[in-house]
Amino acid sequence: MENADSARFLQAVQPLLEEETPLAGGIWHGVLLPNATLEQLEVRQCTFDACTFSGGSFAGADFREVQFQNCDFSNTQFTDAFFARCHFTNCRCIGANFNGAVFRELHVRGTNFQYADFDRTRLTDVSMAETDLTEATFSEAAIKRLTIRRCRFVKNSFFKTPLAGVDFSDCTFSAPVVSWPPAELKGATVSLTQAAGLAGLLGLHIKL
């Protein structure tokens with residue numbers, strides 16, 4: 001149900017969408033707009049706190065220096081969106097679709113990306129901590145300087161996504177979906193325990 005904060009937000013962004021002008025500055029708290037269509041929206045230096053946009057669409061949107069705190073973007077469309085110097089903190093992004101999106105200098109902490117779609121994304125200088133990415137897909141993605149700490153990667157598809165330089169050793173990392181032979185894993189760093197679990201990808205059996 002739309003509230004006063006939601007109405008104020010819509011009043012601010014609707015003319016900007018028509019004029020292709022960015023939403024610049026401001027703190028938005030408690031905006032409740034599930035299933036909203038805000039495609040091609042440009043946002044600069046804003047903070048969104050405890051907002052709900054689940055099931056909506058930000059396809060083609062452009063976010064720069066934006067803070068997302070305690071927000072719900074579950075099942076939201078972010079296809080071909082652009083994020084630069086943004087932060088996701090304690091957000092719900094379950095099943096969100098970021099297919100084809102670009103991330104530059106993104107910081108993520110305590111966020112739930114279970115079942116999210118990161119296929120064909122480009123991630124550069126991204127850091128993630130204490131974040132759940134169970135069964136999120138990263139097929140045909142381009143990853144440069146990804147830093148991950150205490151994250152959860154379980155049953156992720158990394159098909160045709162090189163993971164060289166990514167250090168999974170501080171994370172939960174198991175049952176990745178890769179090609180054969182698993183070239184995607186070349187150059188990745190894993191713990192000894194993780195290596196034993198990944199040995200099955202090479203048809204090996206570990207005898208203790």
For [X] and [Y], test the side chains for any donor-to-acceptor distance below 3.5 angstrom and give the result as yes or no.
| X | Y | result |
| --- | --- | --- |
| T89 | R109 | no |
| T79 | N97 | no |
| D49 | T47 | no |

| L133/C151 under side-chain contact (heavy atoms from CB on, under 4.5 Å): CA gap, chis, key distance, verdict | CA-CA 7 Å; L133 296 113; C151 293; 4.3 Å; yes
If I compare all heavy atoms of [X] with all of [Y], which pair ends up nearest, and what's the gap?
| X | Y | value |
| --- | --- | --- |
| C91 | F68 | SG-O, 3.4 Å |
| W28 | A12 | CH2-CB, 3.8 Å |
| G25 | C46 | O-SG, 3.0 Å |
| S169 | D167 | OG-OD1, 2.6 Å |
| L32 | S6 | N-OG, 2.7 Å |
| D170 | R150 | OD2-N, 3.2 Å |

| Is there a path of hydrophobic side-chain contacts, each under 4.5 Å between heavy atoms of I, L, V, M, F, W or Y residues, that connects F82 with L146? |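 Per the 4.5 Å side-chain linkage, F82 and L146 are not co-clustered.
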| query | Are V177 and Y115 grouped together when hydrophobic residues (ILVMFWY) are joined by side-chain heavy atoms under 4.5 angstrom apart? | reply |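 V177 does not cluster with Y115.
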Taking the six-membered ring for Trp, are [X] and [Y] closer than 6.0 Å centroid to centroid?
| X | Y | answer |
| --- | --- | --- |
| F78 | F83 | yes |
| F53 | F9 | yes |
| F113 | F118 | yes |

For the atom pair [atom1] ([X]) and [atom2] ([Y]), what is the distance rounded to the nearest 0.5 Å?
| X | Y | atom1 | atom2 | value |
| --- | --- | --- | --- | --- |
| F63 | E42 | CZ | CD | 10.5 Å |
| H29 | C71 | NE2 | SG | 10.0 Å |
| D125 | E105 | CG | CD | 6.0 Å |
| I148 | T189 | CD1 | OG1 | 9.5 Å |
| L198 | S191 | CG | OG | 8.5 Å |
| D62 | E20 | CG | CD | 12.0 Å |

Has [X] got a side-chain atom pairing as donor or acceptor with [Y]'s backbone, closer than 3.5 angstrom?
| X | Y | value |
| --- | --- | --- |
| Q194 | C171 | yes |
| N156 | V154 | yes |
| T161 | F138 | yes |

Indicate yes or no: at least one non-hydrogen side-chain atom of [X] is less than 4.5 angstrom from one of [Y].
| X | Y | value |
| --- | --- | --- |
| E65 | V43 | no |
| C86 | L106 | yes |
| F73 | I94 | no |
| T121 | N99 | no |
| L33 | T52 | no |
| Q40 | F58 | no |
| V13 | L41 | yes |
| N112 | T131 | no |

| E39 and S57: CA distance, side-chain angles, deciding distance, side-chain hydrogen bond (donor to acceptor under 3.5 Å, both in side chains) verdict | CA-CA 6 Å; E39 297 177 352; S57 179; 2.8 Å; yes
| query | Going through the distances and angles, do R104 and V102 end up as a side-chain contact (heavy atoms from CB on, under 4.5 Å)? | reply | CA-CA 7 Å; R104 295 179 183 171; V102 175; 3.9 Å; yes
| Between F158 and F168, what is the ring plane arrangement, given parallel below 30°, perpendicular above 60°, and tilted in between? |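 Correct class here is perpendicular.
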| Verdict with supporting geometry, R145 and T124, side-chain contact (heavy atoms from CB on, under 4.5 Å) | CA-CA 6 Å; R145 297 182 295 278; T124 304; 3.4 Å; yes
| said: Using a 6.0 Å cut-off, check whether atom CD of E19 has over 12 heavy atoms from anything other than its own residue. | reply: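 Counting other residues, nucleotides and ligands, CD of E19 exceeds 12 neighbours.
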| field | Neighbour count above 12 (heavy atom, 6.0 Å) for R44 CZ | value |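 More than 12 heavy atoms, drawn from other residues, nucleotides or ligands, come within 6.0 Å of this atom.
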| said: Whether E140 and R120 form a salt bridge (side-chain N of Lys/Arg under 4.0 Å from carboxylate O of Asp/Glu) is what I want to check. | reply: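 Judged by the 4.0 Å cut-off on N to carboxylate O distance, R120 and E140 do not form a salt bridge.
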| request: Inspect the contact between E184 and K186 and indicate whether a charged nitrogen and a carboxylate oxygen are less than 4.0 angstrom apart. | output: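 Here K186 does not pair with E184 in a salt bridge, since their nearest N and O are not under 4.0 Å apart.
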| message | Would D119 and T137 count as a side-chain hydrogen bond (donor to acceptor under 3.5 Å, both in side chains) here? Give the steps. | response | CA-CA 6 Å; D119 292 349; T137 63; 2.9 Å; yes
| query | Quick one: which of R85, Q67, M128, H87 gives a side chain to side chain contact (heavy atoms under 4.5 Å, CB included) with H107? | reply |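 Answer after filtering R85, Q67, M128, H87: H87.
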| After noting the C-alpha distance and the side-chain angles of Q14 and L16, does the key distance pass the side-chain contact (heavy atoms from CB on, under 4.5 Å) rule? | CA-CA 5 Å; Q14 284 177 341; L16 301 180; over 6 Å; no
